[in-house]
Novice: 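Next up is a structure, given as structure tokens.
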Amino acid sequence: MRTVRVNAASKSYDVLIGKNAAKVLGDEAKKVCPGAIKALIVSETNVAPLYLDLVKAELEGAGFEVIDYVFGAGEQNKGINEIAGMWNKMAEAGFTRTDFVVGLGGGVTTDMAGFAAATFLRGIKVIQLPTSLLAMVDASVGGKTGIDIPMGKNQVGAFWQPSLVVEDISFLKTLPDEVFTEGMGEVTKHAFIMDLDLLEKLEKAAGDIRSDEDLLEEIVYMNVSDKASVVGEDENDNGRRQTLNYGHTVGHVIERDSGFTKPHGICVAKGMGIVMDACVRAGTLAADDAERMKALLKLYKLPITDDITPEAIVEGAMNDKKKRGDTLSVILVNKIGNAEIKKMTKEEFLKFLSI
Ligand SMILES: NC(=O)c1ccc[n+]([C@@H]2O[C@H](COP(=O)([O-])OP(=O)(O)OC[C@H]3O[C@@H](n4cnc5c(N)ncnc54)[C@H](O)[C@@H]3O)[C@@H](O)[C@H]2O)c1
Ligand SMILES: [Zn+2]
């Protein structure tokens, strides 16, 4: 088992990563939730049939009274109705401020479980058990929680750090191939913005990190370490954490324009490819480096471009919630392993994309 300690300004906690890591959940939960009597497991209809019994037994074995809330799988259910369902379930079961929530699922689940915990009784503890690659390397670590509203994704939420994250690598065995590939969008992003070792490891694995569980565990560990280091420096997204948005300014627009039918990780890959090309045209990124990064994306079956126009990207980006004032913070990688935040006006961003 490997451990990454996340030292966020508001809270420090461990991320435990390993095969069959879920087996330590009961004991670890007792340590981080002293005095807790009840636990609510939040999961969804794809993941619950696979892992709910196992996780429930683990918590019951440690002496907790366990109830569950299972919602319909999918981003379309990441809304206030399900959160209200979780609040009501906890209230009916007599949860107090020392009881806790467990998020068991992909990023949709961990974001919602975290938000329900952040808001119930003005905040109770949450333990995350991510089951998708994306949730392991990204969503479950760092404390961003939230839900979607009709006007946009993740528009309502809270910063609420988990008390513990348990990443059971064995859970990834049942993840559909295309969902695994979506998670690789964030994995390659970490490599490009800050982790040359990860980049080399991914190149060496030649497009297959699934068949070797030890390698997969190591790669998840490297990604969690990267995310933890960024969150440790800038929990509230005022500086370095923004570099995690590489590919996202453009990717979010592609995602929204598709009515959220194109998966997030795929759109991020397209966004990274589009920004790389623009950097090469601007003369700030060597063509060889861009080719190396694009080759890695292709190796892991990710797309590198999209037919969206520069005008549509700029228009969409100006409506994004991450925009501050009239300028956009665009994340650039001009040297592999290093990201920079570049402030651009609408006009500058259009020029950057259109040259
Ligand atoms: N909080 C953050 O910092 C952060 C970061 C990135 C993404 N996110 C959010 O994460 C969400 C996307 O996460 P996701 O891609 O995990 O989506 P998801 O939760 O919808 O999971 C993807 C699919 O995989 C299935 N699944 C998950 N684990 C499985 C397993 N072990 N076996 C079989 N099937 C499994 C799910 O049922 C679903 O169909 C988005 O809502 C996004 O906004 C949050
Ligand atoms: Zn992302």
Side-chain angles (χ1 to χ4, degrees), residues 6 8 22 42-52 54-55 70-79 82 103-115 118 126 128-148 152-162 165 167-190 193 210 216 223-224 227-228 230-231 235 237 241-252 254-256 260 262-272 321-322 331:
V6 182
V42 171
S43 194
E44 38 91 316
T45 46
N46 290 341
V47 172
L50 299 168
Y51 305 112
L52 182 59
L54 185 155
V55 172
V70 177
F71 63 93
E75 183 80 31
Q76 71 278 11
N77 293 322
K78 190 179 167 185
E82 301 298 345
L104 172 67
V108 168
T109 306
T110 55
D111 274 14
M112 284 214 284
F115 186 59
V126 61
Q128 300 290 19
L129 257 86
T131 62
S132 71
L133 180 64
L134 185 144
M136 287 187 189
V137 301
D138 195 354
S140 69
V141 179
K144 283 192 185 175
T145 73
I147 52 170
D148 305 335
K153 252 180 73 121
N154 300 328
Q155 293 282 308
V156 176
F159 281 101
W160 191 249
Q161 298 293 341
V165 183
E167 309 205 340
D168 192 326
I169 298 296
S170 317
F171 286 2
L172 293 175
K173 280 188 193 143
T174 52
L175 195 66
D177 278 338
E178 66 276 13
V179 183
F180 191 90
T181 299
E182 289 159 33
M184 287 307 294
E186 307 287 1
V187 170
T188 49
K189 176 194 78 181
H190 287 148
I193 65 169
R210 269 199 105 166
L216 185 55
N223 278 275
V224 172
K227 178 115 195 225
V230 173
V231 171
E235 178 176 8
D237 218 356
R241 189 164 183 171
Q242 290 173 31
T243 60
L244 296 172
N245 274 334
Y246 185 49
H248 282 60
T249 307
V250 176
H252 277 153
I254 299 172
E255 201 177 344
R256 193 151 19 118
F260 298 101
K262 289 184 186 161
H264 178 75
I266 301 298
C267 296
V268 170
K270 289 174 173 230
M272 291 192 290
K321 75 173 190 302
K322 295 220 166 85
I331 312 306

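Just so you know, ligand 1 is whichever comes first in the structure, and atom 1 is the first atom listed for that ligand.
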Novice: Please tell me if the side chains of Asn154 and Lys144 come closer than 4.5 Å, counting only heavy atoms from C-beta onward.
Specialist: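 Asn154 does not reach Lys144 side chain to side chain.
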Novice: Checking Thr45 side chain against Ala73 main chain: does a donor-acceptor pair fall under 3.5 Å?
Specialist: yes
Novice: Under a 3.5 Å distance rule, please check whether Arg241 uses its side chain to pair with a backbone N or O of Val230 as donor and acceptor.
Specialist: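 Pair absent, no side-chain N/O of Arg241 close to backbone of Val230.
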Novice: Taking only heavy atoms of Lys153, which atoms of ligand 1 are found under 4.0 Å from at least one of them?
Specialist: 40 (C), 41 (O), 42 (C), 43 (O)
Novice: Heavy-atom pairs closer than 4.0 Å: do any link ligand 1 to the side chain of Val179, the backbone, both, or neither?
Specialist: side chain
Novice: Flag the pair Tyr51 / Thr174 as yes when at least one side-chain heavy-atom distance between them is below 4.5 Å, and no otherwise.
Specialist: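 The answer is yes; the side chains approach within 4.5 Å.
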Novice: Between Thr109 and ligand 1, does any nitrogen or oxygen pair lie at a separation below 3.5 Å?
Specialist: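 Thr109 vs ligand 1: no N/O contact under 3.5 Å.
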Novice: Quick one: does ligand 1 sit under 4.0 Å from the side chain of Pro263, the backbone, both or neither, non-hydrogen atoms only?
Specialist: neither
Novice: Which atoms from ligand 1 have a heavy atom of Asp111 less than 4.0 Å away?
Specialist: 1 (N), 2 (C), 8 (N), 9 (C), 43 (O), 44 (C)
Novice: Would you say that Leu104 contacts Val42 through its side chain, given a criterion of any heavy-atom pair below 4.5 Å between the two side chains?
Specialist: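 They are not in contact (no side-chain heavy atoms under 4.5 Å apart), so the answer is no.
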Novice: For atom 29 (C) of ligand 1, which of Leu172, Leu175, Asp237, Val231 has the closest heavy atom?
Specialist: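 Nearest heavy atom to atom 29 (C) of ligand 1 lies in Leu175.
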Novice: Considering only heavy atoms from C-beta outward, does the side chain of His264 approach that of Glu75 to under 4.5 Å?
Specialist: no
Novice: Quick one: does Val141's side chain get under 4.5 Å of Gln128's, heavy atoms only?
Specialist: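 Not in contact.
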Novice: May I ask you to check if ligand 1 and Val141 share an N or O to N or O distance below 3.5 Å?
Specialist: no
Novice: Within the 4.0 Å heavy-atom shell around Tyr51, which atoms of ligand 1 are there?
Specialist: 31 (N)
Novice: Do any N/O/S atoms of Glu186 come under 2.8 Å of the Zn ion (ligand 2)?
Specialist: yes
Novice: Below 4.0 Å from any atom of ligand 1, is there a heavy atom belonging to His264?
Specialist: no
Novice: Would you say Asp177 and Arg210 make side-chain contact, with heavy atoms under 4.5 Å?
Specialist: yes
Novice: Please confirm whether Ser140 approaches ligand 1 to less than 4.0 Å, judged on its heavy atoms.
Specialist: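 So Ser140 does not count as touching ligand 1.
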Novice: Report, in ascending order of atom number, the atoms of ligand 1 lying under 4.0 Å from any heavy atom of Asp138.
Specialist: 5 (C), 6 (C)
Novice: Can you list the ligand 1 atoms lying under 4.0 Å from a non-hydrogen atom of Lys227?
Specialist: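 What qualifies from ligand 1 is 3 (O).
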Novice: Short question: side chain of Lys189, backbone of Leu244 - any donor-acceptor pair under 3.5 Å?
Specialist: yes
Novice: Please name the atom of His248, limited to N, O or S, that comes nearest to the Zn ion (ligand 2).
Specialist: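 Going through the N, O and S atoms of His248 one by one, NE2 ends up nearest to the Zn ion (ligand 2).
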Novice: Can you check which of Pro176, Ser43, Gly185 brings a heavy atom nearest to atom 34 (N) of ligand 1?
Specialist: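 Looking at heavy atoms only, the winner is Pro176.
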Novice: Provide, to 0.1 Å, the distance between atom 40 (C) of ligand 1 and the closest protein heavy atom, together with that atom's residue and name.
Specialist: Glu75 OE1, 3.2 Å
Novice: Out of all atoms in ligand 1, which are within 4.0 Å of some heavy atom of Asn46? Include the element for each.
Specialist: 36 (C), 37 (O), 39 (O)
Novice: Heavy-atom contacts with Leu50 under 4.0 Å: which atoms of ligand 1 show up? List them by number with element.
Specialist: 32 (N), 33 (C)
Novice: Can you give me every donor-acceptor pair (side chain of residues 129-139, partner residue at least two apart or in another chain, under 3.5 Å) with its distance?
Specialist:
from	atom 1	to	atom 2	distance (Å)
Thr131	OG1	Gly105	O	3.3
Thr131	OG1	Gly106	N	3.4
Ser132	OG	Ala135	N	3.0
Asp138	OD1	Lys227	NZ	2.7

Novice: Got an N/O contact under 3.5 Å between Gly107 and ligand 1?
Specialist: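 Indeed, backbone or side chain, Gly107 has an N or O that close.
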Novice: Any nitrogen or oxygen of Thr131 lying under 3.5 Å from a nitrogen or oxygen in ligand 1? Just yes or no.
Specialist: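 Looking only at distances, the answer is yes, because the N/O contact criterion of under 3.5 Å is met.
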Novice: Would you say that Val250 contacts Lys270 through its side chain, given a criterion of any heavy-atom pair below 4.5 Å between the two side chains?
Specialist: no
Novice: Would Ser132 count as a polar contact of ligand 1, with the cut-off being nitrogen or oxygen pairs under 3.5 Å?
Specialist: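 For ligand 1, there is an N or O atom that lies under 3.5 Å from one belonging to Ser132.
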Novice: Report yes if some heavy atom in the side chain of Glu167 is under 4.5 Å from a heavy atom in the side chain of Ser140; otherwise report no.
Specialist: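 Sidechains of Ser140 and Glu167: in contact.
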Novice: N/O to N/O below 3.5 Å, does that happen between Arg241 and ligand 1?
Specialist: no
Novice: With atoms numbered from 1 as shown, which atoms in ligand 1 lie under 4.0 angstrom from a non-hydrogen atom of Glu44?
Specialist: 36 (C), 37 (O)
Novice: With only distance considered, is Phe171 within less than 3.5 Å of ligand 1 through an N or O on each side?
Specialist: yes
